[in-house]
Engineer: 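After the structure tokens below, expect a handful of questions from me.
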Amino acid sequence: MGVNTTLDIAVLPGDGIGREVIAATVRVLQAAQEHIGGFDLELNEMEAGADLYRRTGDSLPLDVLKACGEADAVLLGAMGLPEVRYEDGREIAPQLDLREKFELFAGVRPIRSIAGAPSPLADARAQSLDFVLIRESTEGLFSGRGKIDREGNELARDRMLITRKGCERLFRFTFDYAMERKAEGKPGKVTCVDKANVLGSMAFFREIFDEIAADYPEIAKEHAYVDATAMNMVKRPWDFDVMVTENLLGDILSDLGAGLVGGLGVAPSADIGVDRAVFQPCHGTAPDIMGQNKANPAAAIMSGAMMLDWLGNRTGLEACRKAADAIEAAVSSAFASGEVLSFEYGGRDGTDRITDAIIARLVG
Ligand code: ATP
């Protein structure tokens, strides 16, 4: 019996520049498929997000949720528009619902320099950063999302939820990830980032980290407080290998990490669970530049490469992993060559032009 090479991808472009960068990513994925071969992507585009909510009162229809659950992977752009809100004032964010419903507990945020995407740090070592932040994505301080606990104009509470189950799966994922990196010649070190000196929930987080770390003697472990980590990500980011932290702390530090390697336009991400995963750029819908062909599609395209890599590991389809590497190399070479300079770096190359340059290198 032949190997099944067909992969069903639920594509949710969403709102704002999400639509523009996903259109670019679809072009790149199709070019990779044609050029490299060995896998067949069935890209099924579906509507979800703020614009859909404005029109229908539903931001994530049940049939879309079901299709995402049945797909081999989900590719998402960005969702939310400032002027469209749920009745309680919150922004429309079905991507957070997907994380919770599919228990996508590991938010993987690679912080990797791309030559040609300027770092704000002067030190030459900042030109070749390569570390990963893993953010817990189903509990922590986001756990009270949607459950308003407020006493009139007097007080409002949010809840920090840390569970043993949530921590164990997060830390095992993180150490396995560090093992894979170590096998590729990277340092093999995990930094647990918390605020265990102040919060009991974070002391519990650290306690479970130490328990799981004991099962991975090959990997070096260290603890760091989040405030010191924010400083050290600026002072000596090259010292990090894999970093793991709570949901809100990870939300903040991943944007700091993106800033170190050229900003949100080049920051990809994956939200991974036991057998499901959603791939999306770190950025939001960027209403300030939407509809102007100014968005840098690199973050979304590299998220597409992460998707192919994950699918390759799950299915054993070597062609997917090969395509993922080829896309990453094409993105790097398009920027490194100086042929394209995107708007956020003061250049004049828009989404289409950057996508063309990446595809030319991919198939060239
Ligand atoms: P969210 O809360 O959904 O993360 P946000 O409003 O905090 O979204 P973004 O929508 O990501 O943030 O935009 C932040 C800034 O970064 C904006 O000025 C936007 O134009 C810029 N930006 C974001 N993504 C890109 C991109 N792909 N290319 C160029 N600039 C971008």
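In listed order, ligands and their atoms are each counted from 1.
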Engineer: Are side-chain heavy atoms of Met202 and Ile162 found at a separation under 4.5 Å?
Structural biologist: yes
Engineer: Between Arg125 and Phe240, is NZ or CZ placed under 6.0 angstrom from the six-membered ring centre and within 45° of the ring axis?
Structural biologist: no
Engineer: On a heavy-atom basis, which atom in Ala24 and which in Thr355 lie closest, and how many Å separate them?
Structural biologist: CB-OG1, 3.2 Å
Engineer: Under a 4.0 Å threshold between the charged nitrogen and the carboxylate oxygen, would Asp51 count as salt-bridged to Arg54?
Structural biologist: yes
Engineer: Other than Ile289, what residues sit in its cluster of Ile, Leu, Val, Met, Phe, Trp and Tyr side chains whose heavy atoms are under 4.5 Å apart, directly or through others?
Structural biologist: Ile17, Tyr53, Leu81, Val84, Tyr86, Ile92, Met290
Engineer: Are Val108 and Phe102 joined in one hydrophobic group, where the rule is that I, L, V, M, F, W and Y side chains link up if heavy atoms are under 4.5 Å apart?
Structural biologist: no
Engineer: Show the distances, to 0.1 Å, for all pairs joining an N/O atom of ligand 1 and a protein N/O atom that are shorter than 3.5 Å, listing one pair per line.
Structural biologist:
unit_1	atom_1	unit_2	atom_2	d
ligand 1	10 (O)	Thr285	N	3.4
ligand 1	10 (O)	Ala286	N	2.8
ligand 1	11 (O)	Gly284	N	2.6
ligand 1	18 (O)	Asp288	OD2	2.8
ligand 1	20 (O)	Asp288	OD1	2.9
ligand 1	20 (O)	Asp288	OD2	3.0
ligand 1	27 (N)	His283	NE2	3.4
ligand 1	27 (N)	Asn296	O	3.0
ligand 1	28 (N)	Asn296	N	2.9

